Number of protein chains: 2
Amino acid sequence: MILKNVSVDCVIFGFQNDKINVLLWQAQPGLLKKFLTNTQEYEESKEIFDKNPALKSDQFWGLIGTHLPTDDDLDDYAKKILKVATGLKDIFLKQFQTFGSKDRVPHMRVLTVAYYALINPEYHNLELSSIAKSVKWFEIDKLPELIFDSKEIIFRALKTLREEVQYHPVGFHLLPEKFTLTQLQTLYEVILDKQLDTRNFRKKIQNMGLLIDTNEKQTNVAHRAAKLYSFDVKIYNQLKEEGLNFRI
Amino acid sequence: MILKNVSVDCVIFGFQNDKINVLLWQAQPGLLKKFLTNTQEYEESKEIFDKNPALKSDQFWGLIGTHLPTDDDLDDYAKKILKVATGLKDIFLKQFQTFGSKDRVPHMRVLTVAYYALINPEYHNLELSSIAKSVKWFEIDKLPELIFDSKEIIFRALKTLREEVQYHPVGFHLLPEKFTLTQLQTLYEVILDKQLDTRNFRKKIQNMGLLIDTNEKQTNVAHRAAKLYSFDVKIYNQLKEEGLNFRI
DNA sequence: ACAAAAGTGTTACAGATACACCCATGT
DNA sequence: ACATGGGTGTATCTGTAACACTTTTGT
C-alpha cells in the first residue's frame, strides 16, 4: 500500500559547467516500477497517475519522487529514491521542508516531503541509475516547464542550500573526490552568487584544516597545473556538528 | 475529512523562571472539538483516538496537535493549533521537520509535520486559550512521560532552536515586549547552555541596532533598576532575512 | 614567447575576548 | 549600611578585507 496523501520528492543538485544543475524526470507509469516494486503499490500509484493529466503529459518535467509506501520509513525511502534515480548511496541528502498547501496538486490532496541531495554529476555519471535514460540535468536558470509547485520546491531547496553552505561545509559534496581550490571557489561563487577574493578564500579554507593535499596535480591543462586536494572526512564531520562559521 | 496518515504537532517553547519550558497536553477526545470543528472530522479523529490506548491514558502527555483536515493548508493549520492552544496569533512559528519512521505510532501509520513556536508565557498568560485548563508548562529537563516519539520531537526542536538562535535573532520572541538586557542575556545563556560575558554581550547586542531604549526602568526591585528595552521590528525583519551572524 | 590560470604576502580595520570595579535601589 | 544585581571601558588578539605580481604549464 502507498499513502495517497504523501509523496517524497528529491531535489538533486549537481555542479556542472560551473553551473548548479538539477536532475529532473518526466515521470511515466512504467518508471514507477523501479521504485514501487510491490505490485499493489505500483498499481495504486499508477491509478493516481492516470487521474492527473499533468503527470501524463510529455511537456512537463518534475521532481523525482513517488508516493510513500505504507511500510517504508520516510528517510529510508528518500534514500531509496535517490539510489534508484542516480545509482548512488551514502551521499548528502537532507529533508528540508514539507509542502502542504491545499491546492498544490489538482484534484488530490498531497503533501510532499521534500529532500535535497548534492552530487557531482561528472564524477558520478549515473551509470548505475536504473532510470538513467528518463532523467536529465537542467541548469538552474534554464528549467523547463515544471508540474505542480516543483519550481517553488526547487527554489526553496536552493535557498536552504545557500543558507546551509554558509555555516556548514556541505559544498564539498558537489565536487569530485580530488579537486582544485579554484573549483572549490567557483562552486561557492556559484552557490552564493557572488565573487570571492582568491587569496582570502584560500587562506580561510586552508586554515580550517579540512583539506588534505593529495600531492597530485592536474594533467593536460594548458596552464600551470593546479594541486589536487581531497577533504578530511573526520574533520568534516566534526565541523558539521559544531556548526562552523563558514561565511565567506 | 481528515488525513489519517498526517498529523501536525507544535512544540511550544516558553521562557519562565529562567528555564526553557514546553507546553503539553493530555489529549482527550473532547478537546479535539476545539480544533476539528467539523463534526465529521471530529468523529474521524475520535475514532483514531479510541484505537490508541496511549492517547486515552491519563499518564502520558504529548505534543499539542491533531490530524490534518483535508481542506486546510498545512501551515495555516499549524497556526490554528497554536491559536486554539494559546489564544495567540502572529507569533513565531516554524516548520522544522517531518517525522516519518514506520513504527513511531503503534498500530497506525502517521507522519507528523512538526512546528516549533516561541512565546513568552508570563506576558501571554494563555487567558485566551480555548483549552487553557487542559494544557501545562513543563521545564525542558523535567518532562513527564510522553507518548510516542514526542520526546524526540521536542529535543529535535530544541536542537533546531539552538542552531537558529546563533544566526537569527529569534530569541526575542520569548521575552515580554519590554525586557532588560539581563533577561535577554539569561535567555541566550539558557538556550545555548553556556555562560556569556556581560560586557561583551551588551556591546554586541547594542551594536546591532536592534534595541530601542524605552526610557523606562524596572520598579520594585531590591537593587538598581534595570533599563527596559523593546526591539525594533523593522531592523529585526531585515536581519532575519540577511542571516545575521548572531553567534555570541 | 605567449596565453592562461595557479599561487602567494602585507597592511589596515573590525569584531571578539578577557577582565574588575563602581552604581542605583530597596530593606 | 548592606545586599543585590545593573552597568561600564580598555587592551589585546584574531579574523576579515583589500589589493598586484610572479610562477608554471602547454602550445
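Computed from a prediction, not measured in an experiment: that's the story for all the values here.
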Exercise for review: Figure out the CE/C1' separation between A:Met208 and D:dT14, and round it to whole Å.
Suggested key: 17 Å
Check your understanding: With the threshold set at 4.0 Å, does a side-chain nitrogen-carboxylate oxygen contact exist between B:Glu164 and B:Lys94?
Key -> yes
Pair up each side-chain donor or acceptor in residues 19-27 of chain A with any protein partner under 3.5 Å, not counting sequence neighbours, and list the distances.
unit_1  : atom_1 : unit_2  : atom_2 : d
A:Trp25 : NE1    : A:Leu63 : O      : 2.9
A:Gln26 : NE2    : A:Asp58 : O      : 2.2

Practice item. Write down the distance between CD1 (A:Ile205) and P (D:dT16), rounded to a whole number of angstrom. Key: 11 Å
Check your understanding: Tell me: NZ of A:Lys204 to C1' of D:dG15, nearest whole Å?
Key -> 8 Å
Residues 130-138 of chain B, side-chain donor-acceptor partners within the protein, below 3.5 Å, at least two apart:
none

Revision key, fill the gap. Ring pair (Phe, Tyr, Trp, His ring centres under 6.0 Å) pairs touching residues 180-223 of chain B, sequence neighbours excluded, are B:Tyr188-B:Phe246
Practice item. Quick one: list whatever passes side-chain contact (heavy atoms from CB on, under 4.5 Å) with A:Ala78, sequence neighbours left out. Key: A:Val8, A:Leu93, A:Tyr115
Revision key, fill the gap. Quick tally for nucleotides 4-11 of chain D: nucleotides whose base has a protein heavy atom under 4.0 Å get B, sugar-phosphate-only ones S, the rest -, giving BBBSBBB-
Exercise for review: Sequence neighbours left out, what passes ring pair (Phe, Tyr, Trp, His ring centres under 6.0 Å) with A:Phe155? Give chain and number order.
Suggested key: none
Exercise for review: Provide, to the nearest angstrom, the distance between the CD atom belonging to A:Gln195 and the P atom belonging to D:dC19.
Suggested key: 14 Å
Check your understanding: Could you give the CZ-to-P distance, from A:Phe201 to C:dT8, as a whole number of Å?
Key -> 14 Å
